[in-house]
Amino acid sequence: MILKYLKIWWLYALNSFQVQMVVRWALAVFLLVKILRFAIFTLFIVILVKKTTVLAGYSLDETILFFLSFNLVDILAQLFFREVYRFRPAIVMGTFDFYLIKPISPLFRALACGPDFIDFITLIPLIFAIGYFINRLNITDPLAISLYFLLIAIGFIIALAFHIMVLSLAVVTTEIDHAVMVYRDIAAMGRMPIDIYMEPIRGFLTFIIPVGIMMSYPTKSLLGQLLPFNITYAIGFAISLLFISLKIWNLSLKQYSSASS
Amino acid sequence: MSKYWTIFKISWENSLVYRLNFILWRIRSVLQLLLIYFIWWSVFQGRDDVFGYTQKTILTYIMIAALMRAIILSSRASDLANQINDGSIVNFLVKPLSFIKFYFIRDIADKLLNIAFVIFEISLLIFLLKPQIIIQANLNILLLTILAAIAGIIIYFCISFIVSLLAFWVESSWAFIFMMTIILEGFGGGLFPIDILPNPIFKILMLTPFPYLIYFPSKLYLGTMMGNELLFGFSVLFFWVIILWFLIKWVLDMGLKSYTAVGY
């Protein structure tokens with residue numbers, strides 16, 4: 001079963017790559033602009049934290065590590081779930097009907113069958129940069145590093161749950177364009193350590209909208225600032241959210257009425 | 001004139017057809033503002049002065065920048081790229097309408113809708129977060145801010161229209177639209193006032209049109225710009241308005257000459 005889906009994903013990934021390679025200069029421009037966006041925000045952090053020495057109690061290296069960890073979760077989500085951005089036309093024009101009659105999960109088709117090659121390119125230097133800053137911060141404890149990647153995976157699962165809910169919203173309302181961007185903006189609130197926000201917003205962003213869990217917890221665990229309770233809570237929250245999102249998806253499918261002409 | 005008024009009304013109604021999408025769009029702008037607000041709020045915890053700004057001036061700047069962003073950086077001109085690519089642009093070419101005016105009127109309708117909502121959103125945030133902000137009472141400064149914002153609207157319209165017109169020559173003009181958005185995010189002044197950048201970079205940026213979209217009108221509102229700085233700013237601003245206005249017409253003419261209709 002898993003092998004079958006991996007093979008299907010691989011075929012779609014190849015197809016997606018070929019589509020992107022049709023207009024190569026556009027691929028290059030998109031890649032350059034993504035790097036520019038990353039560079040501008042990094043420059044902003046460097047200028048800001050060099051002037052103030054610390055931001056919300058974090059040094060420059062630590063603040064950059066928060067930003068890099070945000071990027072890792074964000075890029076992984078965009079790499080695998082890019083197809084969500086193209087889902088609305090499938091609903092509005094009725095081509096979602098074809099997803100439903102094929103012998104694969106329509107959720108898998110709507111979610112994961114259009115990976116973004118540009119994000120894959122940016123992922124590699126990003127992982128090296130994270131390794132570099134972990135080294136600069138003298139973090140060598142294998143347990144801390146393992147927990148970091150576990151919490152990155154937790155962040156990815158929460159992102160998955162959000163994308164499933166966005167798809168469900170599209171099935172029910174046919175409106176999705178801004179819903180997926182609202183997710184992006186909520187996630188972007190984790191570009192900086194969650195500690196910059198005042199209470200009760202900080203608590204809200206940690207326990208209700210789990211931006212803190214997704215984006216700040218991995219780095220906080222590396223810096224030794226998380227209790228075992230926080231990690232257990234993060235795991236429980238991610239699994240519950242995924243379960244709820246799957247329930248919502250199933251409910252939304254029951255509401256679907258084909259819109260094809 | 002009545003046909004443009006009709007376009008205005010239809011654009012307004014179109015924006016409200018997908019109400020959920022519209023509400024989500026507004027939520028996005030609040031979320032973007034919250035991130036920037038709290039970055040700067042945390043910077044000033046335990047500090048009075050950073051980069052020559054006090055907490056009061058920077059938070060005022062952030063609020064005014066959000067207002068300018070809603071007014072100036074809202075444009076439907078990017079729809080044009082799709083219409084060129086899918087061939088539906090021919091529907092407009094045969095109608096007795098000025099192509100540029102049509103899009104400009106649609107933009108104005110969008111902006112007015114945004115203004116109404118953004119004022120409500122900013123007022124709500126001010127009520128909830130209770131930041132100290134500057135209420136500018138100097139009429140001259142307010143008039144100059146409005147003048148700069150109007151010029152900014154024209155500049156942004158021209159830039160986004162020209163970028164969309166590139167679809168006459170290339171298939172993927174979205175790459176350029178994305179590039180424009182990111183450059184404006186970084187160097188327009190929405191994330192940070194660009195005078196915190198190293199001075200040589202700041203001086204070079206002030207020669208480009210980008211800082212005149214958010215940074216310049218927002219900084220004007222603070223009332224800290226004087227004499228030569230003000231004169232230089234408005235000179236560059238009007239230079240870009242004139243250049244881009246001629247450029248938009250030239251690029252449109254060139255595009256229409258090279259266009260071969262495709263589609264349905």
Side-chain angles (χ1 to χ4, degrees), chain A residues 20 22-41 43-45 47-49 51-58 88 166 169 172-198 201-202 205 209 211, chain B residues 17-47 49-53 125 128-131 166 170-188 190-194 196-198 201:
Chain A
Q20 286 191 306
V22 169
V23 189
R24 281 169 208 186
W25 66 263
L27 181 79
V29 172
F30 270 113
L31 181 61
L32 281 174
V33 175
K34 285 196 174 205
I35 294 168
L36 178 69
R37 179 172 59 183
F38 177 81
I40 288 171
F41 204 85
L43 177 71
F44 173 53
I45 293 174
I47 289 173
L48 204 61
V49 186
K51 188 80 177 177
T52 58
T53 323
V54 288
L55 182 73
Y58 295 102
R88 190 186 176 211
V166 166
L169 187 70
V172 176
T173 68
T174 75
E175 299 178 51
I176 188 178
D177 295 351
H178 290 310
V180 71
M181 296 314 287
V182 166
Y183 156 75
R184 293 289 303 278
D185 288 327
I186 290 172
M189 293 180 86
R191 280 197 280 189
M192 291 293 208
I194 206 75
D195 309 69
I196 67 163
Y197 299 97
M198 64 163 68
I201 296 173
R202 193 189 309 163
L205 288 175
I209 306 174
V211 176
Chain B
V17 169
Y18 290 102
R19 289 188 188 92
L20 177 63
N21 238 4
F22 182 78
I23 291 166
L24 292 174
W25 163 253
R26 296 313 319 161
I27 290 173
R28 289 194 63 200
S29 78
V30 173
L31 292 173
Q32 287 164 0
L33 173 58
L34 278 178
L35 171 68
I36 299 165
Y37 178 92
F38 278 108
I39 289 174
W40 285 105
W41 177 81
S42 67
V43 163
F44 279 91
Q45 295 309 297
R47 285 178 199 85
D49 187 290
V50 180
F51 301 112
Y53 287 88
L125 286 180
L128 292 174
L129 302 172
K130 298 186 172 44
L166 294 177
V170 295
E171 253 181 84
S172 297
S173 59
W174 277 105
F176 295 112
I177 293 170
F178 183 45
M179 181 188 275
M180 180 188 75
T181 310
I182 296 304
I183 290 173
L184 286 178
E185 288 280 326
F187 302 124
L191 181 60
F192 52 86
I194 59 160
I196 71 166
L197 291 170
I201 299 176

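Here is how names work: the chains are called A, B, and so on, in the same order as the sequence lines, proteins then strands, and each is numbered from 1.
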Among B:Leu31, B:Leu33, B:Ile39, which residue meets the side-chain contact (heavy atoms from CB on, under 4.5 Å) test with B:Leu35?
-> B:Ile39
Most heavy-atom pairs under 4.5 Å with chain A, out of B:Ile23, B:Ile196, B:Leu191, belong to B:Leu191
Does any heavy atom of chain B fall under 4.5 Å from the side chain of A:Ile201, the backbone, both, or neither of them?
-> side chain
Considering only heavy atoms, which portion of A:Val33 lies under 4.5 Å from any heavy atom of chain B: side chain, backbone, both, or neither?
-> both
Say you draw a straight line from CG of B:Leu128 to NZ of B:Lys130; how long is it, rounded to the nearest 0.5 Å?
-> 6.5 Å
Identify which of A:Ile196, A:Leu43, A:Leu36, A:Val22 forms the greatest number of heavy-atom pairs closer than 4.5 Å to chain B.
-> A:Ile196
Out of curiosity, B:Phe178 CZ to B:Trp174 CH2, how far, rounded to the nearest 0.5 Å?
-> 11.5 Å
Per-residue contact mode, B:Gln45 against chain A (heavy atom under 4.5 angstrom) = neither
Nearest 0.5 Å, what's the CZ-CD distance between A:Phe44 and B:Glu185?
-> 12.5 Å
Point-to-point distance, once rounded to the nearest 0.5 Å, from CZ of A:Arg37 to CE of B:Met179 = 13.0 Å
Would you mind checking which part of B:Phe51 comes under 4.5 Å of any heavy atom in chain A, side chain (CB onward), backbone (N, CA, C, O), both or neither?
-> both
Can you tell which part of B:Arg47 gets under 4.5 Å to a heavy atom of chain A, answering side chain, backbone, both or neither?
-> side chain
Taken to the nearest 0.5 Å, the spacing of A:Leu48 CG from B:Phe192 CZ works out to 9.5 Å
Region of B:Leu197 that comes under 4.5 Å of a non-hydrogen atom in chain A = both
Heaviest contributor of heavy-atom pairs below 4.5 Å to chain A, chosen from B:Ile182, B:Leu34, B:Val170, B:Ile27, is B:Ile182
Heavy-atom contact with chain B under 4.5 Å, split by part of A:Leu55 | side chain
Using non-hydrogen atoms and a 4.5 Å limit, figure out which bit of A:Leu32 sits close to chain B: side chain, backbone, both or neither.
-> neither
For chain B, the option from A:Asp185, A:Val54, A:Asp195, A:Ile40 that forms the most heavy-atom pairs under 4.5 Å = A:Asp185
Check each of B:Tyr37, B:Trp41, B:Phe38 against A:Tyr197 using the ring-ring contact (aromatic ring centres under 6.0 Å, His included) test, and report the only one that passes.
-> B:Phe38
Got A:Tyr58 and B:Ser42 here, is their nearest side-chain heavy-atom distance under 4.5 Å?
-> no
